[in-house]
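I have placed the structure first, in the form of structure tokens, so that the comments after it can refer back to it.
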Amino acid sequence: MSQRERGIFVVVEGIDGTGKSTQVRMLAGALRAAGEDPLVSREPTDGRWGRKIRESATTGRMSAAEELRAFIEDRTEHVNTLIRPALDAGRIVILDRYYYSTIAYQGSRGANVEAVKAEMEARFPRPDVVFLLDLDPRLAVQRISEARGEDPNAFEGLEALAQVREVFNSLNQALIRVDAGRPPEVVHREIVSALASELRAAGRAETAERLGGL
Ligand code: TYD
């Protein structure tokens, strides 16, 4: 019996306004064109905890501690119901935000960065590849209000984003930093080429070749 491959876990992180969802969409499209069937998802999720978190972003009702717990509940459910089963089935998983967001956002809101990091690593599976989309927070805020036609919400003020970015940039882990100030197509090509290398290293040369050839 041939041994089934374990999936590849890819995460896209960065402050609000860096174009994560656009890149996730483009990457998913490229993987599908290369013959893969990726699981594409995001955090906060659309489940009950995720909805509660989104509501709190506009109403500001949760305390910092409650918010941290809500993100953990949301992620626990996400990992158990979608992420682990997909990885066990050998699929590529692409997430728009994961636990690095908890370290950076909740860390910048007063939680102890090292303690949150240790808790995340102990509780949740570690991704194979993490892309950190990096952008000047002033440009990020500008993009948010222009492109979405809305004012930054409670999570997205300039000062707050600058602090979150600092924590992201201080994570001395193997995050692949990507300059998100360039056109989406250029950012996409860089992500695809980095992922192709990871896939080759993980023994998925065929998908890597197809991706590279697109
Ligand atoms: P976001 O990806 O902006 O969702 P959407 O655009 O669909 O509303 O996420 C909402 C906010 O949640 C965002 O400002 C970052 C924040 N967040 C945390 O503070 N901690 C976390 O662990 C996660 C996943 C997100």
Side-chain angles (χ1 to χ4, degrees), residues 9-25 27-28 40-79 81-83 93-127 130-135 137 139-171 173 175 180:
F9 189 4
V10 182
V11 169
V12 180
E13 287 279 8
I15 60 173
D16 306 74
T18 48
K20 290 181 300 303
S21 49
T22 302
Q23 290 304 324
V24 165
R25 202 167 48 241
L27 182 58
V40 183
S41 192
R42 63 171 185 168
E43 293 187 359
T45 68
D46 297 318
R48 57 203 165 116
W49 287 102
R51 287 198 302 273
K52 201 172 154 177
I53 291 163
R54 285 210 171 76
E55 281 165 26
S56 83
T58 43
T59 58
R61 276 178 315 206
M62 267 192 249
S63 71
E66 280 173 332
E67 188 181 84
L68 174 61
R69 288 299 127 194
F71 279 113
I72 291 173
E73 293 291 349
D74 190 40
R75 183 159 305 126
T76 302
E77 208 167 86
H78 199 199
V79 166
T81 61
L82 288 176
I83 300 172
V93 172
I94 312 171
L95 288 197
D96 181 341
R97 295 193 185 279
Y98 189 49
Y99 65 56
Y100 303 90
S101 280
T102 311
I103 301 170
Y105 283 81
Q106 279 58 60
S108 78
R109 264 173 233 155
N112 181 293
V113 169
E114 286 308 316
V116 175
K117 184 164 168 270
E119 183 173 358
M120 294 300 117
E121 289 171 354
R123 294 177 81 121
F124 301 113
R126 197 182 281 238
V130 184
F131 293 104
L132 175 60
L133 302 193
D134 188 44
L135 185 67
L139 290 177
V141 167
Q142 202 177 315
R143 279 191 190 176
I144 293 164
S145 39
E146 283 173 10
R148 297 188 195 165
E150 49 183 61
D151 287 331
N153 66 23
F155 284 115
E156 296 165 340
L158 178 58
E159 277 304 306
L161 285 188
Q163 280 177 28
V164 174
R165 183 197 195 202
E166 240 174 72
V167 184
F168 269 132
N169 284 338
S170 75
L171 293 174
Q173 271 160 325
L175 308 184

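In listed order, ligands and their atoms are each counted from 1. Hydrogens, waters and symmetry mates are skipped; everything else that's a heavy atom, side chains included, is used.
- The option from Tyr100, Tyr99, Tyr105 that lies nearest to atom 15 (C) of ligand 1, judged by heavy atoms, is Tyr105.
- Atoms of ligand 1 found under 4.0 Å from any heavy atom of Asp16, numbered from 1 in the order shown, are 3 (O), 13 (C), 14 (O).
- Shown in contact with Glu43 at under 4.0 Å from a heavy atom are these atoms of ligand 1, numbered in order with element: 24 (C).
- Side-chain atoms of Glu66 come within 3.5 Å of backbone N or O of Ser63 as a donor-acceptor pair.
- Using 4.0 Å as the threshold, Ala57 has no heavy atom nearer than that to any atom of ligand 1.
- For ligand 1 and Gln106, the ligand atoms under 4.0 Å from any heavy atom of the residue are 18 (C), 19 (O), 20 (N), 21 (C), 22 (O).
- Results of the side-chain hydrogen bond (donor to acceptor under 3.5 Å, both in side chains) test with Thr102 over Arg97, Lys117, Arg75, Glu43 single out Arg75 as the only residue that passes.
- Heavy atoms only, all atoms of each residue included: Gly17 and Leu135 are closest at O-CD2, 3.5 Å.
- By the 30° and 60° cut-offs, the orientation of the rings of Phe168 relative to Tyr105 is perpendicular.
- Of the polar atoms of Arg97, at least one N or O is found under 3.5 Å from an N or O of ligand 1, judged by distance alone.
- Residue-ligand proximity, Arg75 to ligand 1, at heavy-atom distances under 4.0 Å covers atoms 22 (O), 24 (C).
- Note: an N/O pair closer than 3.5 Å links Thr102 and ligand 1 by distance alone.
- In this structure a side-chain-to-backbone donor-acceptor pair under 3.5 Å is missing from Arg61 to Ser56.
- Heavy-atom contacts from other residues, nucleotides or ligands closer than 6.0 Å to CD of Glu166 number 12 or fewer.
- An N or O contact shorter than 3.5 Å links Arg42 to ligand 1 by distance.
- A salt bridge is defined here as a Lys NZ or Arg NE, NH1 or NH2 lying under 4.0 Å from an Asp or Glu carboxylate O, and Arg48 with Glu73 fails to meet this definition.
- Taking any N or O of Tyr98, backbone or side chain, none lies under 3.5 Å from an N or O belonging to ligand 1.
- In this structure, Lys20 does not count as a contact residue of ligand 1, since none of its heavy atoms falls inside 4.0 Å of the ligand.
- Among Gly17, Pro44, Ala70, Gly14, the residue whose heavy atom lies closest to atom 9 (O) of ligand 1 is Pro44.
- Put simply, the side chain of Arg54 gets close to the backbone of Thr45: a donor and an acceptor are under 3.5 Å apart.
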